[in-house]
S.K.: 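Pasting in a structure now, in structure tokens, and then I'll have a few things to ask.
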Amino acid sequence: MERIDQEIRNCLDVIKKGGLILYPTDTVWGIGCDATNAEAIDRIYKLKKREESKALICLVSNFKMLEQYVEDVPEMAYDILKYAKKPTTVIYDKPIRIAENLVGDDDTLGIRVVRDKFCSELIKKMRRPLVSTSANISGQPTPQSFDQITPQILKGVDYVVNLQRSKKSPKPSAIIKLSNDGQVKVIRK
């Protein structure tokens with residue numbers, strides 16, 4: 001527990017200064033920053049060599065935080081998330097209080113409510129959402145473990161979390177798009 005607390009403190013120091021962290025998420029290793037800091041988000045796009053039109057997602061610690069960053073959370077989202085067997089990212093219409101370069105051209109944002117202890121505690125202490133994108137250069141395979149992350153990514157972040165480095169990552173999250181008009185679309189199972 002003490003080690004997790006120290007890692008969270010280290011991450012908070014970096015994130016508060018607009019830095020990037022490399023961290024174990026509830027799915028794969030991720031690159032993260034404060035989801036309200038547009039400059040930090042720009043750094044992630046540059047590091048990943050990713051087009052800004054390809055949206056990133058962010059993580060929140062609970063439903064209450066989700067409601068602070070989405071104008072109108074569809075009722076169906078709560079049921080989907082409550083019964084999901086695996087980490088599930090939901091794409092919502094009309095995100096609010098988020099850096100503009102995180103929001104898709106269609107005014108949507110993918111958000112995942114995390115159950116992972118480290119991520120959840122970090123986000124609670126940040127008091128804002130955490131950007132999460134796979135730790136790879138855009139177009140390259142998603143690393144399935146820490147030792148598959150390229151030196152370019154490792155050198156491009158300001159802090160690398162020293163937890164779960166030997167763990168094999170499960171698959172990326174499921175992605176579901178819930179539109180305010182009631183449409184539901186499964187993007188990734």
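All residue numbers refer to positions in the sequence shown, counting from 1.
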S.K.: Does a side-chain heavy-atom distance below 4.5 Å link Asn162 with Phe146?
M.R.: no
S.K.: Tell me whether Val14 shares a hydrophobic cluster with Ile149, the cluster being built from Ile, Leu, Val, Met, Phe, Trp, Tyr side chains joined at under 4.5 Å.
M.R.: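 Linked within one cluster.
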S.K.: Applying a strict under-4.5 Å side-chain criterion to I, L, V, M, F, W and Y, I'd like to know whether Val157 and Leu12 cluster together.
M.R.: yes
S.K.: Does Val60 form a side chain to side chain contact (heavy atoms under 4.5 Å, CB included) with Arg112? I'd like the steps, not just the answer.
M.R.: CA-CA 6 Å; Val60 294; Arg112 188 161 72 245; over 6 Å; no
S.K.: Ile8 pairs by side-chain contact (heavy atoms from CB on, under 4.5 Å) with which of Leu122, Leu163, Ile123, Val161?
M.R.: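 By the side-chain contact (heavy atoms from CB on, under 4.5 Å) criterion, Ile8 pairs with just one of Leu122, Leu163, Ile123, Val161: Leu122.
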S.K.: Between Asp26 and Lys86, does any NZ, NE, NH1 or NH2 come within less than 4.0 Å of an OD or OE carboxylate oxygen?
M.R.: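 Result for this pair is no, no salt bridge flagged.
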S.K.: Hydrophobic clustering (ILVMFWY, side-chain heavy atoms < 4.5 Å, transitive) - are Ile44 and Leu154 grouped together?
M.R.: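 Same hydrophobic cluster.
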S.K.: Using the rule that Ile, Leu, Val, Met, Phe, Trp and Tyr join whenever any side-chain heavy atoms are under 4.5 Å apart, tell me whether Val73 and Val103 fall into a single cluster.
M.R.: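 Linked, Val73 and Val103 end up in one cluster.
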S.K.: Given side chains that start at C-beta, do those of Asp93 and Asp106 come closer than 4.5 Å, heavy atoms only?
M.R.: no
S.K.: Go through the steps for Asp72 and Lys94 under the test side chain to side chain contact (heavy atoms under 4.5 Å, CB included), then give the verdict.
M.R.: CA-CA 7 Å; Asp72 184 24; Lys94 297 191 171 107; over 6 Å; no
S.K.: Going by atom types alone, do Asn136 and Lys48 pair a side-chain donor with an acceptor below 3.5 Å?
M.R.: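 Yes, a side-chain donor-acceptor pair sits under 3.5 Å.
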S.K.: Consider side-chain contact (heavy atoms from CB on, under 4.5 Å). Of Asn10, Asn37, Asp34, which one does Ile15 pass it with?
M.R.: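 Of the listed residues Asn10, Asn37, Asp34, the side-chain contact (heavy atoms from CB on, under 4.5 Å) partner of Ile15 is Asp34.
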S.K.: When rounded to the nearest 0.5 angstrom, what is the spacing between CG in Asp13 and CG in Asp158?
M.R.: 12.0 Å
S.K.: Would you sort out whether Tyr92 and Asn180 count as a side chain to side chain contact (heavy atoms under 4.5 Å, CB included), showing the intermediate values?
M.R.: CA-CA 8 Å; Tyr92 298 94; Asn180 286 350; over 6 Å; no
S.K.: Do Ser132 and Tyr23 have side chains that approach each other closer than 4.5 Å (heavy atoms only, starting at C-beta)?
M.R.: yes
S.K.: Any chance you could measure Cys58, atom SG, to Ile98, atom CD1, to the nearest 0.5 Å?
M.R.: 4.5 Å
S.K.: Please lay out, stage by stage, how Thr89 and Ser173 fare under the test side-chain hydrogen bond (donor to acceptor under 3.5 Å, both in side chains).
M.R.: CA-CA 6 Å; Thr89 301; Ser173 71; 2.7 Å; yes
S.K.: Check whether any side-chain heavy atom of Lys177 sits under 4.5 Å from a side-chain heavy atom of Thr108, and report yes or no.
M.R.: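 Heavy-atom side-chain distance check passes, below 4.5 Å.
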S.K.: Without hydrogens or angle criteria, can the side chains of Gln6 and Arg9 be said to hold a donor-acceptor pair below 3.5 Å?
M.R.: yes
S.K.: Between the main-chain N or O of Gln68 and the side-chain N or O of Arg97, is there a donor-acceptor pair closer than 3.5 Å?
M.R.: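 It does hold such a pair.
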S.K.: Do Lys125 and Glu121 meet the salt-bridge criterion of a basic N to acidic O distance under 4.0 Å?
M.R.: yes
S.K.: Between Met65 and Arg127, what is the shortest heavy-atom contact and its length?
M.R.: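 Taking every non-hydrogen atom into account, CE-C, 3.7 Å.
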S.K.: Rounded at 0.5 Å granularity, tell me how far CG in Leu109 sits from CD1 in Ile91.
M.R.: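 Taking CG in Leu109 and CD1 in Ile91, the distance rounds to 9.0 Å.
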S.K.: Mind checking the CZ-OG spacing from Arg115 to Ser61? Nearest 0.5 Å is all I need.
M.R.: 13.5 Å
S.K.: If you measure from SG on Cys33 to CG on Asp42, what distance do you get to the nearest 0.5 Å?
M.R.: 9.5 Å
S.K.: Do Arg50 and Ser138 have side-chain atoms, one donor and one acceptor, less than 3.5 Å apart?
M.R.: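 No, Ser138 and Arg50 have no side-chain donor paired with an acceptor closer than 3.5 Å.
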S.K.: Where do Glu67 and Asn62 land on the side chain to side chain contact (heavy atoms under 4.5 Å, CB included) test, with the steps shown first?
M.R.: CA-CA 9 Å; Glu67 291 160 0; Asn62 53 37; over 6 Å; no
S.K.: Testing the basics here: between Ala135 and Ile153, what is the closest heavy-atom pair and its distance to 0.1 Å?
M.R.: O-CG1, 4.0 Å
S.K.: Is the shortest heavy-atom distance from the side chain of Val184 to the side chain of Met76 under 4.5 Å?
M.R.: yes
S.K.: Can you find a heavy atom in the side chain of Thr25 that is under 4.5 Å from one in the side chain of Val114?
M.R.: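 Answer no - side chains too far apart.
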S.K.: Looking only at heavy atoms, which two atoms of Val131 and Ala35 are closest? And how far apart?
M.R.: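 It is CG2-CA, 3.7 Å.
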S.K.: Kindly compute the distance separating CD1 (Ile31) from CG (Leu20), expressed to the nearest 0.5 Å.
M.R.: 7.5 Å
S.K.: Hey, are the side chains of Trp29 and Pro24 touching, using non-hydrogen atoms and a 4.5 Å cut-off?
M.R.: yes
S.K.: Counting only heavy atoms not in Glu39, do more than 12 sit closer than 6.0 Å to its CD atom?
M.R.: no
S.K.: Can you find a pair of side-chain heavy atoms, one from Thr133 and one from Lys54, that are under 4.5 Å apart?
M.R.: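 With C-beta onward as the side chain, the pair stays apart.
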S.K.: Angle between ring planes, Tyr78 versus Phe63, binned at 30° and 60°: parallel, tilted or perpendicular?
M.R.: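 Ring orientation, 0 to 90° scale: perpendicular.
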S.K.: If we count only N and O atoms by modelled type, under 3.5 Å, do the side chains of Glu7 and Tyr159 hold a donor and an acceptor together?
M.R.: yes
S.K.: Please report the closest heavy-atom contact between Leu59 and Cys119, naming both atoms and the distance.
M.R.: CD1-SG, 4.4 Å
S.K.: Establish whether Ile187 and Val28 are linked, either directly or via other cluster members, by ILVMFWY side-chain heavy-atom contacts under 4.5 Å.
M.R.: no
